Participant: 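My questions all concern the structure below.
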Amino acid sequence: MNTIDRIERAVRETSHYLKRNLGTHAGKRGQTNPSDEVQTGADVWSDDLFFDALAPLDGVGNYTSEEREATVDCGDGYAIAIDPLDGSGNLASNNSVGTIVGVYESELPANGRDLVAAMMVLHGPYTTMTVARADSDVVQEYLLRDGHSERRGVFELPEDYTVVGLAGKPIDRSEAVNELAKELERDLKLRYGGATVADLAQVLEYGGLFGYPESNVYPEGKLRVHFEAAPLAYLVEAAGGASSDGGKSLLDVEPDGLHARTPTFLGNRELIDRVEAVLGSD
Ligand code: F6P
């Protein structure tokens, strides 16, 4: 078993436990995270769970989380970047949340070309884990249940695309984004749930576009490069799709700090081309 196998297993086992006990922590309030977002008790609790499972592994050099200010050094090896509970704002209304893990071969800050694996867990009506690895040609989905994981299927973005989800209020977004949203929402079904993992799962399944553009509220976009944008871009690109910050692949974004943000677009190549045609010259 190599280090990525061990990381994969630890994420899987922790996710089983997390899903079973999430309800207990859903309503409790924590402090704010380094991006100034109010933490739920579940954000802090899940971060501790993943830290305890991943930091001691052989071959893991350090652990950086969306919920912690600084990187924790834990030996020699890969750098883990994690969003332990993506979309935790969805807990109050009992909607889906996720977990995102990036495994980088260099210390952070790093760009997405240094990723060697990315994983996302969707804690939905049932729990699935999707894994892309440098040493595998396929993006594998697993079903996690009763403490076991079963291979469920392999993701390849469908050629035909049917869904779109662009975050933000029209009043806060640029004219260009609003124009693009209007065009896309004419032809595609609107799917936006407020948890990136859950929204991206729709794109992987049905084809389409998920985006969190820049806005007056989030001038650099809302999603974090290390914890969300780059690992998910790695997954989508490995599944035959594309990613962009509006001008280039999210894997080429150079984060200037651990918690750097970026406008984020993920989906079918044709739709990403349309995003870049509109925003590239913005
Ligand atoms: O981590 C940020 C996040 O929770 C994402 O998972 C999600 O896509 C986004 O925020 C939701 O933001 P908003 O509430 O602004 O739509």
Side-chain angles (χ1 to χ4, degrees), residues 15 18 22 25-26 29-47 50 64-69 81-102 118-124 128 130 163-174 177-178 181 185 190-204 208-236 243-245 250 253 255 257-267 275:
S15 298
L18 186 147
L22 193 50
H25 300 267
R29 292 271 156 196
Q31 312 288 310
T32 53
N33 73 12
S35 305
D36 258 344
E37 293 166 341
V38 176
Q39 292 170 313
T40 65
D43 286 307
V44 181
W45 168 72
S46 57
D47 179 47
F50 282 108
T64 313
S65 161
E66 192 173 291
E67 306 305 333
R68 292 173 190 238
E69 196 68 52
I82 185 165
D83 181 355
L85 205 59
D86 167 69
S88 53
N90 270 1
L91 286 177
S93 57
N94 191 19
N95 276 288
S96 297
V97 292
T99 296
I100 305 167
V101 181
M119 300 160 202
M120 71 177 212
V121 181
L122 175 54
H123 310 286
T128 51
T130 307
V163 299
V164 64
L166 292 176
K169 294 185 205 158
I171 196 167
D172 296 323
R173 301 186 307 208
S174 69
V177 170
N178 284 338
E185 287 165 13
L190 190 54
R191 288 289 184 269
Y192 185 78
T196 305
V197 166
D199 289 326
L200 184 61
Q202 303 241 18
V203 169
L204 288 171
L209 179 74
F210 164 79
Y212 208 117
E214 64 187 57
S215 67
N216 293 337
V217 185
Y218 298 107
E220 275 144 34
K222 184 179 187 191
L223 304 187
R224 270 54 47 124
V225 181
H226 289 119
F227 313 112
E228 295 158 314
L232 295 176
Y234 186 87
L235 266 170
V236 170
S243 74
S244 181
D245 69 347
L250 288 166
V253 171
L258 293 179
H259 297 274
R261 302 175 191 257
T262 177
T264 298
F265 299 91
L266 299 157
V275 168

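None of these values were measured; they are calculated from a predicted model. Just so it is clear, the values below take in all heavy atoms, side chains as well, and ignore hydrogens, waters and symmetry mates. Numbering of ligands and ligand atoms starts at 1, following listing order.
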Participant: When you measure from the side chain of Ser215 to the backbone N and O of Val217, does any donor-acceptor pair fall under 3.5 Å?
Facilitator: yes
Participant: With a 4.0 angstrom cut-off on heavy atoms, strictly below it, pick out the residues next to ligand 1 and order them by chain and number.
Facilitator: Glu66, Asp86, Gly87, Tyr192, Gly194, Ala195, Thr196, Tyr212, Lys222, Leu223, Arg224, Glu228
Participant: Main chain of Asp47, side chain of Ser65: is a donor-acceptor contact present, judged purely on distance under 3.5 Å?
Facilitator: no
Participant: Determine, stepwise, if the pair Asp43 / Thr40 fulfils side chain to side chain donor-acceptor pair (under 3.5 Å).
Facilitator: CA-CA 5 Å; Asp43 286 307; Thr40 65; 3.1 Å; yes
Participant: May I have the step-by-step check of side chain to side chain donor-acceptor pair (under 3.5 Å) for His123 and Thr99, ending in yes or no?
Facilitator: CA-CA 8 Å; His123 310 286; Thr99 296; 3.0 Å; yes
Participant: Mind checking what makes side-chain contact (heavy atoms from CB on, under 4.5 Å) contact with Ala230, not counting sequence neighbours?
Facilitator: Tyr104, Leu115, Val225
Participant: Quick one: closest heavy-atom pair of Gln39 and Glu67, and the distance?
Facilitator: NE2-OE1, 2.8 Å
